[in-house]
Number of protein chains: 2
Amino acid sequence: MDIVLSKNEEDYLKALFQITVESNMGVAGTNQLALNLCVSPASVNGMIKKLRSKKLVKSERYGKLEMTSQGKTIAIQLVRKHRLWETFLYQYLDFSWDEVHEVAEQLEHIKSDKLIKQLNSFLGNPDSDPHGDPIPDETGNFSKKSKKNLAQIEEGKSCTVVSVKDASVAFLQMVSKLGIGLQTEIMVKNHHEFDASRTLLIGEQEHQVSLKFAENVFVKERV
Amino acid sequence: MDIVLSKNEEDYLKALFQITVESNMGVAGTNQLALNLCVSPASVNGMIKKLRSKKLVKSERYGKLEMTSQGKTIAIQLVRKHRLWETFLYQYLDFSWDEVHEVAEQLEHIKSDKLIKQLNSFLGNPDSDPHGDPIPDETGNFSKKSKKNLAQIEEGKSCTVVSVKDASVAFLQMVSKLGIGLQTEIMVKNHHEFDASRTLLIGEQEHQVSLKFAENVFVKERV
DNA sequence: AATATTTATTAGGCGAACCTAACTTATTAT
DNA sequence: ATAATAAGTTAGGTTCGCCTAATAAATATT
Ligand SMILES: [Mn+2]
Ligand SMILES: [Mn+2]
Ligand SMILES: [Mn+2]
Ligand SMILES: [Mn+2]
C-alpha cells in the first residue's frame, strides 16, 4: 500500500498542489503546470497520464486537472518535508532565505519516514518555515495562513521581511532603495486613510510606501 | 571546470574507489563492480565508457579499471559527504548504527557546496563516522587507519570494536543484536578448528560467531 | 598447445522523462 | 455563426540507465 514515486512524479504532484489547492483555484491546466515546472506541455501531458493511472490526479481528455485526495495527501507530505528542511538549513546551517529553497527542493525527495519524523522533533515541531509558510503536521493538517503581506500588518506592529511577491527589476530596485532586504525588520507606523499608503519605520528611517507596494512584500509577524 | 555528475555516475565512482583504493587493490574488474552495485556487467561497461570519456576512470579495452586522480578526488568527496551525513543522523536524529547507511546513500547526492561545509561545521569537524571510518577533510586528506578484523585476533586476546564493514542491513542488524557497538570490548575465547568459528565474550555473555561474521568486524587490539 | 572457464564487450531492446512539430478540441472575439 | 486564438494531445525522436543474449578476449587447466 506504500506507493513509491520518482523524484519527477513527486515534483509534478507538489507543483500541481501548489497551483491548485494552495492558491485556491482547485484546478489547473497543462500549460500552467508546464510553465511552473519549466517543462513542455507535452511532457506534462505524459506525466499526467501516469499520475491519473495511479489515481493521484483526476481529469478527462481536454479537461482541467484536479488532484485526488490521495494525491493531495502525498503532495502535502512533500510540502511538509520541503519546509522542514528549509527550517533546518535556515536555523542550523546558516543558510539565508534565498538559499534554502534550492537545496530543500532536493532534500524533499529523500526517502525515509524516520528521517522526517526525527528532523521534525529535532527542530521542535515548528509550524512555519523561514518564508513564513505553514508546515503541515504528520497527518496533513495545516493552517493556511501565517504568511502575510505588509499591507495586512496593523498600525504599530512589527514584522520581518521573508519574501517578495513580484520579482520584477523595477520592484526590486524600489525595495533595495528603501533599504529593505530579507530579514529586514519593519515597523508599520501609520495607515493613511486618504490613499491607503503606509508609513514604515525601517531602522532609524521613516519611509512612505503605496498600498500596492506593501501588498508585494511578504512578512512574518513579530510575536 | 565544475563537473556535474548524475547520481548514478557518482555511485559508480564511489564504489570503484572503495573497492580499489580503500581496499588497496588499486584496480578492479567489470564484474566486481557490477556485483558491488547490484547491476549487470554490461551496465558497468556502459558507464565505464562514459566515465572514461570524462577522464575520471582510465582503462583499456579488456583491461582492468583504474581511477584518474580527478576521479579519486570526486569519489573522496562523496565518501566525505556520506560519512558526514551518517554522523549527523547518528548524533542528532537518533538513528542507529545499521540505519544510517541507507539514508546517507541518498543524502550524499545532494548538490550544494555550502550544505556540506556547514554540515561539517555544525558537527564540529568530526574525523570519523559512526562506523569508525575516517572522514576525509575538504581537501581530501584522511587517515587510512589500519584496522584489524576480528578474525585476526588470537585466542585469549581482547580488542575493541572500531568499525564494521559498511555492508548489508542484515549484517548490521546482526551486529547490534549481539550487543556490539563502537568501543565495545570483545574477548576472543576460542577459535574452533572445525569451522573456524569463534567464541566471543561480550560483557558477561558468550556468543559464537562464524568466520565470515568475524571478518566483517573491525577492531583495535588491547595492549 | 589445446581446451575450458572466467571476464569483458557488443548488440539490441525497454522504460522514464524530456523535447519539437503537427494536430485536435475548446474558448473567445467579431 | 464563423473565424481566430489558446489550450491540450499525439507522434516521433533523444538521452540515460538498465536489461538479456551473444560474442570476443584473457586466463587457467589439462
Ligand atoms: Mn523537488
Ligand atoms: Mn519556503
Ligand atoms: Mn548513493
Ligand atoms: Mn559509514
Side-chain angles (χ1 to χ4, degrees), chain A residues 3-16 19-20 23 25-67 71 74-75 78 105-106 108-111, chain B residues 3-17 19-20 23 25-67 71 74-75 78 105-106 108-109 111:
Chain A
I3 296 184
V4 175
L5 301 176
S6 72
K7 175 200 170 293
N8 296 292
E9 291 170 321
E10 289 186 343
D11 279 335
Y12 275 86
L13 271 187
K14 184 161 70 88
L16 185 55
I19 62 181
T20 58
S23 66
M25 279 193 285
V27 294
T30 304
N31 285 6
Q32 247 169 109
L33 192 47
L35 210 67
N36 195 288
L37 288 162
C38 299
V39 132
S40 74
S43 299
V44 169
N45 205 265
M47 183 58 91
I48 287 297
K49 265 185 187 161
K50 209 191 335 171
L51 294 175
R52 197 159 39 200
S53 81
K54 292 187 177 186
K55 300 269 161 63
L56 302 173
V57 168
K58 54 186 169 194
S59 61
E60 287 164 28
R61 256 182 99 204
Y62 293 101
K64 290 292 174 186
L65 310 174
E66 235 173 312
M67 304 187 78
I74 293 172
L78 286 165
E105 201 55 54
Q106 300 176 58
E108 70 193 2
H109 303 291
I110 304 291
K111 260 79 179 177
Chain B
I3 296 184
V4 175
L5 301 176
S6 71
K7 175 199 170 293
N8 295 293
E9 290 171 320
E10 289 186 343
D11 279 334
Y12 275 86
L13 271 187
K14 184 162 69 85
L16 185 55
F17 179 80
I19 62 181
T20 59
S23 67
M25 279 194 284
V27 294
T30 305
N31 285 5
Q32 246 169 111
L33 192 48
L35 210 67
N36 196 289
L37 289 162
C38 299
V39 132
S40 74
S43 299
V44 169
N45 205 265
M47 182 59 92
I48 288 297
K49 264 184 186 162
K50 208 189 338 168
L51 294 175
R52 197 160 38 201
S53 82
K54 292 187 177 186
K55 301 266 161 64
L56 303 173
V57 168
K58 55 186 168 195
S59 62
E60 287 164 27
R61 258 183 92 197
Y62 293 101
K64 290 293 173 185
L65 309 174
E66 232 173 314
M67 304 187 78
I74 294 172
L78 285 165
E105 200 55 52
Q106 299 176 59
E108 71 193 1
H109 303 292
K111 260 80 178 176

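Chain letters run A, B, ... following the sequence lines, proteins first and then strands; every chain starts at 1. Worth saying up front: this structure is predicted, and the values here are computed from it rather than measured.
We find that NZ of B:Lys64 is positioned 9 Å from C1' of C:dA8, with the value rounded to whole Å. Protein atom CG of A:Asn8 is 13 Å distant from nucleotide atom C1' of C:dG15, rounded to whole Å. Rounded to whole angstrom, the span from the OH atom of A:Tyr62 across to the C1' atom of D:dT10 amounts to 8 Å. As rounded to whole Å, 19 Å separates atom P of C:dT7 from atom CZ of B:Arg61. The nearest whole Å value for the distance from the CD1 atom in B:Ile48 to the C1' atom in D:dC18 is 15 Å. For B:Leu33 and C:dA8, the CG to C1' distance is 13 Å, given to the nearest whole Å. Following rounding to the nearest Å, A:Leu37 (CG) and C:dC18 (C1') show an atom-to-atom distance of 12 Å. C:dA16 atom C1' lies 10 Å from atom NZ of A:Lys54, rounded to whole Å.
Of the two residues contacting DNA chain C, namely A:Lys7 and B:Glu60, the nearest-nucleotide position lying further toward the 5' end is that of B:Glu60.
The phosphate of C:dC18 has OP1 or OP2 within less than 4.0 Å of a side-chain N or O from A:Tyr12. Put simply, B:Ser6 has no side-chain N or O that comes within less than 4.0 Å of OP1 or OP2 on D:dC16.
For residues 38-47 of chain A, proximity to DNA chain D is found at A:Pro41, A:Ala42, A:Asn45, defined as any non-hydrogen atom under 4.0 angstrom from a strand atom.
The shortest distance between side-chain heavy atoms of B:Lys14 and B:His109 does not fall below 4.5 Å. When side chains are defined from C-beta on, B:Phe17 does not count as touching B:Leu78, because their heavy atoms never get closer than 4.5 Å.
In this structure, of D:dG8, C:dT9, D:dT10, it is D:dG8 that holds the atom nearest to the side chain of A:Asn31.
Between the CE atom of B:Met47 and the OG atom of B:Ser6 there is a distance of 5.0 Å, given to the nearest 0.5 Å. Distance check, rounded to the nearest 0.5 Å: CD1 of A:Ile48 to OG of A:Ser53 gives 11.0 Å. Expressed to the nearest 0.5 Å, how far CG of B:Leu56 lies from CD1 of B:Ile74 amounts to 4.5 Å. The CD atom of A:Glu66 sits 12.5 Å away from the CZ atom of A:Arg52 when rounded to the nearest 0.5 Å.
Within 4.0 Å (heavy atoms only), B:Lys49 reaches sugar-phosphate atoms of the nucleic acid but no base atom.
A:Lys7 contributes no side-chain N or O that, together with a main-chain N or O of A:Gln106, makes up a donor-acceptor pair within less than 3.5 Å.
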